[in-house]
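Written out below as structure tokens is the structure these notes cover.
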Amino acid sequence: MEFQAVLFDFDYTLGDATRAVAAGFTHALTEMGLPVPDEQAIRATVGMMLEDAFTLVSGDSRPERQAEFRRLFGQVAHPMQLEGVPLFPGARELLLALHGAGIPAAVVSSKRTDTLRAIFDKHGLTGALSHIVGGDLAPRPKPDPSGVLLVLDELHIPPAEALFCGDTVIDAETARRAGTHFCAVLNGVTGPAAFAPFPVDHIAPDLPDLTAWLGLAAQT
């Protein structure tokens, strides 16, 4: 395989936290006296910082309201995600294949690091990851590349020798700014046409396809 490290976004790339995210939105917006959008509109915000997601669905950009939304969202969504989030088909096999091949795999996400660790612990996959960097550990949120570059710096791997995989144009822009290769994974709500303005090495309809494209034999 040509890459020395493979980094992943989490939501709609490796895992599906829709149930917890929708419950968090419903609780927070109801408590704030605001209408709750349908699930498709909520899914379209996944991958954004919660503050930006709140502004998108409410039109309210006041910092104090954004902070209130984050607090209320976490009251419901955080415990649910700690209980477990399902991974997409092929995620386990891909991470184990990378680990077995000696290729560092890492996650860089806007989700909280403790949440991410709890999810991977539940699936017995924490040991397959070299780094787990949530939004609280990254110096700045994506599409700023600082989280990706933090991992690569600690691995002593040049960005040009790494692959970043994600499901949104935020992830594609992160890869472009970081100087890594990029693979779009179509597990979320973003279609292939949206990635046309970005340098993309591969568009994977699912994770088994990504595993095959990387030349790896899936492991269980």
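For reference, positions follow the sequence shown, starting with 1. It should be emphasised that the depicted structure is a prediction, and the values quoted were computed from it without experimental measurement.
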Hydrophobic clusters here meaning ILVMFWY residues chained together by side-chain heavy-atom distances under 4.5 Å, can you tell me if [X] and [Y] are in one?
X	Y	answer
Val133	Leu155	yes
Val151	Phe10	no
Val108	Leu94	no
Phe3	Leu98	yes
Leu7	Leu214	no

Quiz item: Which hydrophobic side chains are connected to Leu82, either touching it within the sub-4.5 Å cutoff or through other members that do?
Solution: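 Reading the cluster by chain and number, Leu82 sits alone, since nothing else belongs.
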Quiz item: Going by side-chain heavy atoms closer than 4.5 Å, which hydrophobic residues are tied to Leu150, directly or by a chain of links?
Solution: none
Quiz prompt | Trp213/Ile203 under side-chain contact (heavy atoms from CB on, under 4.5 Å): CA gap, chis, key distance, verdict | solution = CA-CA 10 Å; Trp213 178 70; Ile203 295 179; over 6 Å; no
Self-check item: ring-ring contact (aromatic ring centres under 6.0 Å, His included) contacts touching residues 122-173 (sequence neighbours left out)
Solution: none
Distance (rounded to the nearest 0.5 Å) between [X] [atom1] and [Y] [atom2]:
X	Y	atom1	atom2	value
Leu50	Arg70	CG	CZ	4.5 Å
Phe8	Ser109	CZ	OG	13.0 Å
Leu56	Ser61	CG	OG	12.0 Å
Glu93	Thr211	CD	OG1	7.5 Å

Exercise. Might you work through the side-chain contact (heavy atoms from CB on, under 4.5 Å) test for Leu125 and Leu87, ending with a clear yes or no?
Key: CA-CA 11 Å; Leu125 289 170; Leu87 300 181; 3.6 Å; yes
Exercise: identify the closest heavy-atom pair between [X] and [Y]:
X	Y	answer
Leu116	Gly134	CD1-CA, 3.9 Å
Pro104	Gly102	CD-O, 3.6 Å
Ala41	Thr45	O-CG2, 3.5 Å
Val85	Gly15	CG1-C, 4.5 Å
Cys165	Val6	SG-CG1, 3.9 Å
Asn187	Thr13	ND2-O, 3.1 Å

Practice problem: Run the numbers on Phe120 and Leu14 for side-chain contact (heavy atoms from CB on, under 4.5 Å), then give the verdict. | Solution: CA-CA 10 Å; Phe120 286 110; Leu14 294 176; 4.1 Å; yes
Quiz item: With Ala101, which residues qualify under side chain to side chain contact (heavy atoms under 4.5 Å, CB included), at least two apart?
Solution: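 Ala101 satisfies side chain to side chain contact (heavy atoms under 4.5 Å, CB included) with Ile103, Leu216 once adjacent residues are dropped.
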Quiz item: Do Cys183 and Val200 pass the side-chain contact (heavy atoms from CB on, under 4.5 Å) test, and can you show the C-alpha distance, the side-chain angles, and the key distance before you say yes or no?
Solution: CA-CA 6 Å; Cys183 176; Val200 178; 6.0 Å; no
Do [X] and [Y] make a side-chain contact, defined as non-hydrogen atoms from C-beta onward lying under 4.5 Å apart?
X	Y	value
Leu207	Pro89	no
Val57	Ile42	no
Phe69	Glu51	no

Exercise. Output, in order, the C-alpha distance, side-chain angles, deciding distance and verdict of side-chain hydrogen bond (donor to acceptor under 3.5 Å, both in side chains) for Thr55 and Gln66.
Key: CA-CA 7 Å; Thr55 296; Gln66 292 176 331; 2.9 Å; yes
Quiz item: Which pairs count as side-chain hydrogen bond (donor to acceptor under 3.5 Å, both in side chains) when at least one residue sits in residues 32-41, sequence neighbours excluded?
Solution: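 For residues 32-41: Gln40-Arg43.
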Exercise. If a pair satisfies side-chain hydrogen bond (donor to acceptor under 3.5 Å, both in side chains) and one of its residues is in residues 132-145, list it, with sequence neighbours excluded.
Key: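 For residues 132-145, and leaving out neighbouring residues, the side-chain hydrogen bond (donor to acceptor under 3.5 Å, both in side chains) pairs sorted by first residue read Asp9-Lys142, Thr113-Asp136, Arg140-Asp144, Lys142-Asp171, Asp144-Ser146.
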Quiz item: Are a donor atom and an acceptor atom from the side chains of Thr126 and Asp121 found within less than 3.5 Å of each other?
Solution: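 Looking only at side-chain atoms, Asp121 and Thr126 do form a donor-acceptor pair, the distance falling under 3.5 Å.
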Exercise. Would you check if there is a donor-acceptor pair between the side chains of Tyr12 and Thr18 at a distance under 3.5 Å?
Key: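 Yes - a donor-acceptor pair under 3.5 Å links their side chains.
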Any salt bridge (Lys or Arg N to Asp or Glu O under 4.0 Å) involving [range]? Give me the pairs, sequence neighbours left out, ordered by first then second residue.
range	result
residues 101-112	Asp11-Lys111, Arg112-Asp114
residues 191-215	none
residues 149-165	none

Exercise. Tell me, please, which residues at least two apart from Phe88 pass ring-ring contact (aromatic ring centres under 6.0 Å, His included).
Key: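 By the ring-ring contact (aromatic ring centres under 6.0 Å, His included) rule, Phe88 matches no residue at all.
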Using a 3.5 Å cut-off and no angle test, enumerate the donor-acceptor pairs between side-chain atoms of residues 19-35 and protein atoms at least two apart in sequence or in another chain.
residue : atom : partner : partner atom : Å
Thr26   : OG1  : Ala22   : O            : 2.9
His27   : NE2  : Gln75   : OE1          : 2.9
Thr30   : OG1  : Thr26   : O            : 2.6

May I have the list of side-chain donor-acceptor pairs in residues 172-180 shorter than 3.5 Å, sequence neighbours left out?
residue : atom : partner : partner atom : Å
Glu173  : OE1  : Arg176  : NE           : 3.1
Glu173  : OE1  : Arg176  : NH2          : 2.7
Glu173  : OE2  : Arg177  : NE           : 2.8
Thr174  : OG1  : Ile170  : O            : 2.7

Quiz item: Do the rings of Phe182 and Phe195 sit parallel, tilted or perpendicular, given the 30° and 60° boundaries?
Solution: tilted
